[in-house]
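Every chain is numbered from 1, with letters handed out A, B, ... down the list of sequences.
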Amino acid sequence: MQESCPSVKNILLLDSEGKRVAVKYFSEDWPSNASKLAYEKSVFTKTLKTNARTEAEITLFDGYIVVYKFVHDLHFFVTAGDDENELIITNVLQGFADSVGLLLRGDVEKRTALENLDLVLLCIDEIVDGGIILETDSHNIAGKVATNAVDGSVPFSEQTISQALATAREHLARSLLK
Amino acid sequence: MAQPLVVKKDDDLDEEEYYSPFLGIEKGAVLQEARVFHDPQLDARQCCQVITKLLYLLNQGDTFTKVEATEVFFATTKLFQSKDAGLRRMVYLMIKELSPSADEVIIVTSSLMKDMNSKTDMYRANAIRVLCRIIDSTLLTQIERYLKQAIVDKNPVVASAALVSGIYLLQTSPEVVKRWSNEVQEAVQSRSALVQFHALALLHQIRQNDRLAVSKLVTSLTRGSVRSPLAQCLLIRYTSQVIRESGANQGGDRPFFDFLESCLRNKAEMVILEAARAITELNGVTSRELTPAITVLQLFLSSSKPVLRFAAVRTLNKVASTHPLAVTNCNIDMESLISDQNRSIATLAITTLLKTGNESSVDRLMKQMTNFMSDIADEFKIVVVEAIRSLCLKFPLKYRSLMNFLSNILREEGGFEYKKAIVDSIIILIRDIPDAKESGLFHLCEFIEDCEFTYLSTQILHFLGNEGPKTSDPSKYIRYIYNRVILENATVRASAVSTLAKFGALVDSLKPRIFVLLRHCLFDGDDEVRDRATLYLKLLGGEATVGETEKDVNDFLFGSLDTPLVNLETSLRNYEPSDVPFDISSVPKETKSQPVAEKKATGKKATGSSAVSGPIPTVDASYEKLLSSIPEFADFGKLFKSSAPVELTEAETEYSVNVVKHIYDGHVVLQHFECVFLDISILQVTVLVDASEADEFLEVVSKPLKSLPYDSPGQTFVAFEKPEGVLATGKFSNVLRFIVKEVDPSSGEVEDDGVEDEYQLEDLEIVSADYMLKVGVSNFRNAWESMDPESERVDEYGLGVRESLAEAVSAVISILGMQPCEGTDVVPSNSRSHTCLLSGIFIGNVKVLVRLSFGISAPKEVAMKLAVRSDDPEISDRIHEIVANG
């Protein structure tokens, strides 16, 4: 399988207790919800004591490469097969963490992420499709997600990044489920 | 550690109660809320919130019932009426999550197709992605035109969406996607980095079975039109594939090596890494080729980014196994990584150092490692233990300090896998380094004095029983063994009793004292312990029926069971109490080949063949039961061997047929499994087997199948007679003959008149390997020496020019069909010679052992020396004949 296309097995966003904020699996390696939860738990506990706040960290276990990064009370993970190029996967992680940062206007914590869960889910949708990397540039990702804000009447193609982020900010101001 | 975590959790819970927007969310209530989707005046914001809630539920692992999912799906389709862009995005996401069934898909197709042709690029891109996820191949042909246009669209997001969808669709509708080659080729030249990447990935997948096309693709692209780093990485992978497959023309410069080397100077780190790794993994890489790759990896070692250090040290670690000298330049950088914060990096660094280190650095490394062991996880400790084991085998003179290290860590805390790795290592060292025996055994004895793992205690006791009596002072071990009888659980006690008996059998001076100890065991509370003690007392006292002579006693005590335990267990379960005693020689000795561990990476599943192979019984016992229940085959005698199923049809055709060869002493039965994937009914199915090219076989019985319903497998049999004791081989051509009857699609009834039809199948061969059972032996050297040297036949063969040594070894193994022992089927890359040990049982229950020595010369000429020992010298000659004719 060496000559295959780089692929991502899952993208996880967990909180500081290892609970799900948003997850997306692209591989059949974990067929049931129970096996997914077990995987999340072991990834979380194995990485808990490490310091992944300034630079993305990496670990190898159970035949997977996991790259991860912690921001406040959020833990970002990206998993791939163990023969994958580590730097490609790290690019995906960086794109994910940074674009969430842009969309949440720097307020990267569990509470804001849950209040803007629609943005986080769209963000994952824009990064990887069926395991294949779609986009890793955080500004592009955030731009694509933010233009979908509910009242975005400007045609997408004509919006600049800064406008896009302004829409994201406005979106943030609304409490999601009041 | 657990305690403070729990307290913290409680604190957070209070906060969470206050904050989480999803607190107390409940599926039923949200499904009620979804009714707003039906409002004539849609409130986009409110709808968006409800969808988010639904997605939250799904994301947390909640599931919808079929009815709920359908209801939500229909409600969601209403939302296409809203013009709101944000809501539309959420609708797309929701549809993908619900993965609607085929009849539901039709409802959204037109809406999505409208979006696909919208003026808004973002609509187009997303609609393409959603639509391609949910449609089937008939609908696909309707939208194919739009997809082809989208691939060459000037908007990169739209083009990428179409290309990625193409990669996905290639698995389900390859014939459609293959028609897009021209458009995809155009997209490879795109200025957008990601479009280029996606186009290249799709183009390669379309052509992956066509070596020449891939090679052409690589040749044209390596001239430099690929700029995106991701696409560069792909190109490097494809290039190394081409290099690997064109491996024949060795000697001169490797094709495309210049390209790989130029990638080492790329701006993007991911490309540099990909190229460096590709170079290190080249077949038979030379040190001149390695040098530039090692140099860039060495730079990565001192990077501030953990991921980069990890990637570099992981690659170098692999290189160190085959080319330790190439990596020694990095040793200084590597040593500073021993104290790396990231323990994965530290472990990889230290094991690399162990592989590259020389004899003088061992002591220093050992010292560093002692500080290091306490704060790494068990799985890394195992890696270290394995590195030490191989180091010790490399430098046997250093066994003292290495053995000390192992015994020290054995005394520390650790889980089962870790302790097992240490014990295994010590046992291997004792076996291979005679000087280490006494101290090693002593460390193991110390360990079982305080060992919490029953498995390890019994393993050590067993080993002690075999090795202990042969040491200079066997009596000093008795104390440790008898302590087990006093202190441990029943399993360990029973095993200690056996060990005592072994000492008693081999050391005459200890015999009287062993008798005293064994008699004590007669009062044990456990049945097994008492039984063993009684048996051994009689055995050693010369009263039992098993042992007439001393040799028999020793055979009984030390001989290994050559029957696989799994088979023994099944046979014992099937044995019904009767007058006929259970006969151990009736247990099948074939080792079942492990079902190929499903590699996690294989995402694609063979659709056609998996459906057939599913219900086919693969267990020998069930074959035997089935065959003996068929009256025609009842008098064929005992089934000797059943082969693995052989496919007689290509994958994904209308008919699927595979066959299992059952070998008897004087007969061969071919069992065909048929399956039809057309919606027709076929009757009177037979497989016509033409044995005209296999003149020693005579067809005796053919059992056809009355009817074969759609998609459910059936089976037919053909039996042949063959001369007994002759190694009959030959080729059979096969034709599937049957009567086709159409099924009326409306009523499901089978129409009356059928048409006779035939379907050509692939040929089947019966080869000499079919007469050989794969049966392993646990200790090849013992088994070899216990065979009669008179039966040995040795000869040398030239195998001509082969691709590699490994290829030659596996070819010979497959011709003989024997079980490789002690992992000798694996050939280290770049080695010039190799010895391979094989064992098996030949038809007629003749045990055969084979020792193969291979050598390869510079122009890839392989020579082989074949030594055979077997129970029957005639069979030894026969084995040589097989090789000479193969």
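- How far CD1 of Ile272(B) is from CG of Leu87(A): 9.0 Å, rounded to the nearest 0.5 Å.
- A distance of 12.0 Å separates OG in Ser160(B) from CD1 in Ile133(A), rounded to the nearest 0.5 Å.
- Counting heavy-atom pairs closer than 4.5 Å to chain A, the top-ranked of the candidates Thr63(B), Val157(B), Val307(B), Leu163(B) is Val307(B).
- The neighbour count for Lys96(B) NZ, taken as heavy atoms of other residues, nucleotides or ligands under 6.0 Å away, is above 12.
- A donor-acceptor pair is defined here as one N or O able to donate and one able to accept, closer than 3.5 Å; no such pair exists between the side chain of Asn33(A) and the backbone of Asp62(B).
- There is no contact between Ile89(A) and chain B, counting heavy-atom distances below 4.5 Å.
- For Val214(B), no part lies near chain A; criterion is any non-hydrogen pair under 4.5 Å.
- Neither the backbone nor the side chain of Tyr168(B) has a heavy atom closer than 4.5 Å to any heavy atom of chain A.
- Between Glu126(A) and Arg129(B) there is a salt bridge, since at least one side-chain N of the basic residue sits less than 4.0 Å from a carboxylate O of the acidic one.
- Taking the side chain as every heavy atom from C-beta outward, Arg314(B) and Leu60(A) approach each other to under 4.5 Å.
- Heavy-atom distances place no part of Glu33(B) under 4.5 Å from chain A, backbone and side chain included.
- The closest side-chain heavy-atom distance from Leu194(B) to Leu134(A) is not below 4.5 Å.
- Looking at Phe197(B), only its side chain comes within 4.5 Å of chain A, counting heavy atoms on both sides.
- Put simply, CD1 on Ile88(A) and CG on Leu273(B) are 8.5 Å apart, with the number rounded to the nearest 0.5 Å.
- A donor-acceptor contact shorter than 3.5 Å links the side chain of Arg237(B) to the backbone of Ser4(A).
- Contacts of Thr50(A) with chain B are absent, with no heavy-atom separation under 4.5 Å from either backbone or side chain.
- Asn59(B) has its side chain within reach of Leu121(A): a pair of non-hydrogen atoms, C-beta onward, lies under 4.5 Å apart.
- Neither the backbone nor the side chain of Thr239(B) comes within less than 4.5 Å of any heavy atom of chain A.
- Side-chain contact of Asn342(B) with Glu57(A): a donor-acceptor pair under 3.5 Å is present, judged by distance alone.
- With a 4.5 angstrom heavy-atom cutoff, Lys24(A) touches chain B only via side-chain atoms.
- With respect to Arg309(B) and Glu55(A), no salt bridge is recorded, no charged nitrogen being found less than 4.0 Å from a carboxylate O.
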Let's go through Leu117(A) and Leu55(B) carefully: what are the C-alpha distance in whole Å and the side-chain angles of both, what is the deciding distance for side-chain contact (heavy atoms from CB on, under 4.5 Å) to 0.1 Å, and is it a yes or a no? CA-CA 9 Å; Leu117(A) 188 69; Leu55(B) 287 172; 5.8 Å; no
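- Under 4.0 Å is where a charged nitrogen must lie from a carboxylate oxygen, and between Glu84(A) and Arg277(B) no such pair does.
- Side chain of His204(B) to backbone of Cys5(A): no donor-acceptor contact under 3.5 angstrom is found.
- Using modelled atom types, one side-chain atom of Gln60(B) and one backbone atom of Arg20(A) make a donor-acceptor pair closer than 3.5 Å.
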Start with the C-alpha distance between Asp125(A) and Asn126(B), add both sets of side-chain angles, then the distance that settles side-chain contact (heavy atoms from CB on, under 4.5 Å), and finish with yes or no. CA-CA 10 Å; Asp125(A) 186 56; Asn126(B) 280 298; 4.3 Å; yes
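- Heavy atoms closer than 4.5 Å to chain A are found in the side chain of Arg133(B), but not in its backbone.
- In this structure, no portion of Ile51(B) lies under 4.5 Å from any heavy atom of chain A.
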Using the rule given for salt bridge (Lys or Arg N to Asp or Glu O under 4.0 Å), can you reason through Glu86(A) versus Lys305(B), listing the C-alpha separation, both sets of side-chain angles and the distance that settles it, and then say yes or no? CA-CA 12 Å; Glu86(A) 295 89 343; Lys305(B) 294 183 192 156; over 6 Å; no
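- Residue Asn91(A) touches chain B through its side chain alone, counting heavy-atom pairs closer than 4.5 Å.
- Put simply, the side chain of Asn85(A) reaches to within 4.5 Å of the side chain of Cys233(B), judged on heavy atoms.
- Atom CZ of Arg53(A) is surrounded by more than 12 heavy atoms from other residues, nucleotides or ligands within 6.0 Å.
- Residue contact with chain A, scored on non-hydrogen atoms closer than 4.5 Å, is absent for Ile236(B).
- Judged by distance alone, the side chain of Asp118(A) and the main-chain N or O of Met90(B) form no donor-acceptor pair under 3.5 Å.
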